[in-house]
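What follows is a short report on a single structure.
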Amino acid sequence: MDDSAKRLLQRLMRRIPTPTLRSALEKWGRLTTEQQKSMDFTQSKWALTERLLGICEENELAVKQLTDLEMIHVIDNPDQGMWYAFQLMDPEDDAKSVDLTQFKEQFKSHLRELVRNVSIKMKKHTDEAVWIRIAWGDTFSRPNHLKPTYIVHYLQTPYVFVTSITSKQKPLLSQALVLSTRYQAIKDANLSGRKLTAIRDLLMKKYQQVFPTKYPIPPPENNQTISNQHIEKEQAELAANRLQMACEAFGGGMLPQLQSAVYKLETKFRDHSNKTMTEREEPFRCVVKFTSTNLLESFRHCASSGIASTPVTPLLSCIPLKGRNYFLITDNGPGPSSQRGQPQV
Amino acid sequence: MERHQNRETRTPRNNVVVHRRRKSKSYRLSYRSGLGAADSRLGWSPALTARRLNTSRKAAGISNIAERVDPGQLALLVKTEWQLSYVTPLHQFRHTQLKSYARQLSAFIAAGKQQGLAVEVEGLQTTFRVSFSLVQGMTQSDEDAESVLVQIHSKRLFARQDEPQKPVWSGWLTCINGNPDYLRALPKDFVCLPLFGCSGADGLSALVKSWFQQSFDCCFGLLEISHTSLQWLMALWTNCHAESGIQHLKMIWTLPATPPLQVTYTVDPEDAWELWSSVRKGKGGGGGGEEEEEEAGENYIDIEEVTSFMQGLKSHFYRHFRLDLSAGSLNQVSTALGSAKYSGRMKVPSTRELCQMLSVFALLIFVNVLFFFFSDLQQPIHDHHPDAADRVRPPQNAHLIERIQTLMPPENTIAAFIWQKLLQLVLVFIRNEAKHYLSLIFNIK
């Protein structure tokens with residue numbers, strides 16, 4: 001095994017935690033049963049790495065097979081690293097009929113045309129997702145397997161999710177994607193997050209939506225002791241309304257776990273009590289970032305408990321509606337009351 | 001104790017009024033709400049009438065401290081995040097015996113480690129070397145005691161012999177701009193270094209604090225920087241934008257949703273400055289009023305301006321998101337001039353701002369400690385006016401003040417004497433009952 005393969009293996013062993021290592025190795029299938037049995041998973045990581053190095057030397061495995069292992073690990077644990085969502089625009093007529101083989105061939109050939117030394121691995125996952133692993137090189141150097149880019153594309157949808165890509169590599173990837181999927185352009189969907197499953201569910205609306213109904217949903221049961229019957233009666237209807245509006249805006253049931261949303265505000269400052277600032281021409285620039293372990297859940301709770309006034313402002317309900325979490329808000333339109341402008345991309 | 005009932009809460013020397021607050025069930029709440037108006041040290045109240053309860057603060061920085069202190073020592077203090085605590089006055093602390101204190105403390109730490117107290121500093125040797133150094137010049141007035149810097153050095157476990165020891169824990173005690181009346185009223189044996197900052201492993205911090213408590217009979221408590229103080233800091237920093245750019249004004253709020261929602265609200269510095277200038281009451285733009293007020297006005301910031309500034313920012317936020325930030329709590333404020341967190345952590349990136357920050361915090365402590373004892377006095381006064389329901393603004397019991405005023409002679413001497421006596425009493429009280437009362441009010445863990 002040469003140096004680069006050794007380094008790749010060491011890096012892999014650092015990334016893969018011991019509990020998931022065993023299943024990953026089994027799926028990989030490159031170890032014989034005796035070798036598999038000889039791996040003692042109660043040892044320290046360092047010892048395991050040494051053992052695995054030995055096994056790989058025995059089996060004469062190279063970088064190519066090791067990247068398989070990495071891909072298996074990433075596919076099973078997609079919720080690491082930062083994922084960015086992109087959307088393909090303006091499909092051509094035959095965009096819908098692109099099938100897997102065609103996409104694979106086209107993508108590989110186009111990318112190879114654009115980049116000299118590149119290593120591409122593509123794999124189809126069970127849920128219609130095509131996983132692509134790219135190790136970038138250039139005219140003078142071999143592909144760098146230590147910093148691969150992972151891409152997930154759902155065929156028949158215009159959505160692409162990418163992680164670990166530099167700004168130099170992005171245009172090359174975009175070009176290859178556009179050509180191989182038969183669309184005309186690709187744009188940033190302004191959605192990013194740590195959990196691929198979450199941003200995928202949000203963008204493709206794979207969670208429970210709640211539509212406006214005439215009858216309010218009763219508030220969920222809770223085991224509080226009723227302190228005052230009159231207060232409860234009075235507040236019940238208001239609470240039910242708030243809950244209904246909160247669910248309409250953000251969805252019912254389990255929500256995709258988004259971690260953050262960023263709003264860049266460049267609107268004018270308007271406040272009756274402050275004449276000087278209201279007369280000012282320039283916008284009041286600020287950036288607001290919301291973070292939480294489950295952002296949509298927090299927003300829904302704010303709306304249903306009254307911290308956020310209902311009906312929920314379109315700025316917040318835009319997150320699940322449009323499936324994005326980065327917004328640039330400017331004053332737009334003739335009227336002074338318009339605060340929500342066209343988000344620029 | 002009967003005398004206390006009739007005491008008015010007015011210091012004769014610089015006419016600071018400690019405003020009365022409703023004593024709510026929780027001491028913590030009352031402390032927090034009171035702090036905003038109570039820390040009006042340098043401002044003056046020209047007339048104790050209901051309408052003009054001036055709570056203001058000097059805005060200009062304390063510039064020449066940085067020139068007086070050794071730059072090497074100053075460099076140790078900036079760019080680190082310090083956890084702040086307050087300390088009650090130290091009994092028989094001598095600045096001349098620092099070397100002996102260093103020896104005692106290192107022996108104490110070694111003993112503590114042997115006993116198995118939590119000194120979980122990873123990969124470090126058992127030998128710690130402690131150094132106490134005097135930081136000369138970090139004072140504002142003659143009454144302030146000189147600051148002391150404590151450092152604990154150690155080597156990594158497998159370090160070579162000739163590798164130097166690095167400081168693994170640092171702490172300092174300081175007193176900048178202490179209340180002169182309070183300092184003069186201290187009995188002879190006490191040294192007042194009320195602000196303690198530390199950075200490093202928690203186990204070591206606990207050991208150092210317990211050594212101080214044992215040796216000097218003092219008491220430590222975490223200094224929570226209240227919401228109002230954070231607002232003051234925000235305003236003070238924004239006010240400095242013209243001289244030294246703040247680069248951004250960042251606030252971090254936490255809203256009580258499930259799961260908790262954190263909001264980071266960053267404002268462009270120019271826009272923050274413009275908003276701040278617009279809420280300043282016509283200062284520099286030609287305002288009416290008496291001459292003395294105008295002169296002092298430029299250097300003084302009122303609490304009302306600070307709250308208007310904050311209100312402007314909140315309303316801009318509300319206009320867009322319809323989320324009321326008042327439902328949550330302000331946790332952190334930071335600019336290029338420094339950052340402060342609610343939990344009592346602060347960080348200053350450069351020396352100029354260091355002294356200003358420290359004096360602000362030293363002030364916080366004086367008010368904290370004194371406030372509690374006045375809260376005992378406040379209850380009977382407040383009971384007289386039970387309809388003063390507003391907790392944010394001070395109750396306007398002006399005629400009550402006048403009544404008390406008639407009881408006290410106006411000359412400074414007698415009032416000053418009584419004030420001193422009261423402070424001495426307070427001090428003794430602190431020494432004896434400190435732990436119990438302070439834990440009540442400050443919720444020491």
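On a predicted model such as this, the values are computed, not experimentally measured, just so you know. Numbers restart at 1 for each chain; the letters A, B, ... are given by sequence-line order, proteins then strands.
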Minimum heavy-atom distance A:L316-A:F250, with the two atoms named: O-CE2, 3.6 Å

Rounded distance [0.5 Å steps], NE2 in B:H241 versus CD1 in B:I246: 6.0 Å

Among B:L275, B:I252, B:L325, residue most engaged with chain A (heavy-atom pairs, under 4.5 Å): B:L275

Got a salt bridge between B:E305 and B:R280, using NZ or NE/NH1/NH2 to carboxylate O under 4.0 Å? yes

Taking the six-membered ring where the residue is Trp, are the ring centres of A:Y263 and B:F321 under 6.0 Å apart? yes

Using the side-chain contact (heavy atoms from CB on, under 4.5 Å) criterion, which residues pair with A:E237? Sequence neighbours excluded. A:N241

Need one label for A:D271: side chain, backbone, both or neither, based on atoms under 4.5 Å from any heavy atom in chain B. side chain

Chain A shares the most heavy-atom pairs under 4.5 Å, among B:D324, B:L249, B:L255, B:T258, with B:T258

With a 4.5 angstrom heavy-atom cut-off, which part of B:A257 approaches chain A: side chain, backbone, both or neither? both

Side chain of A:K264, backbone of A:C286: donor and acceptor closer than 3.5 Å? no

Partners of A:Y84 by ring-ring contact (aromatic ring centres under 6.0 Å, His included), sequence neighbours excluded? none

What residue in A:V262, A:T293, A:N294, A:T310 has the most heavy-atom pairs under 4.5 Å with chain B? A:N294

Can you tell which part of B:P260 gets under 4.5 Å to a heavy atom of chain A, answering side chain, backbone, both or neither? backbone

What residues of residues 295-305 of chain A sit under 4.5 Å from chain B when only non-hydrogen atoms are counted? A:L295, A:E297, A:S298, A:F299, A:H301, A:C302

Contacts under 3.5 angstrom, residues 328-336 of chain B side chains, donor-acceptor by atom type, not counting sequence neighbours:
residue: B:N331; atom: ND2; partner: B:T254; partner atom: OG1; Å: 2.7
residue: B:T335; atom: OG1; partner: B:L337; partner atom: N; Å: 3.0

Check whether A:K268 gets within reach of chain B through its side chain, its backbone, both or neither, counting any heavy atom under 4.5 Å. backbone

Checking the side chain of B:D268 only, and the main-chain atoms of A:F284 only, is there a donor and an acceptor separated by less than 3.5 Å? no

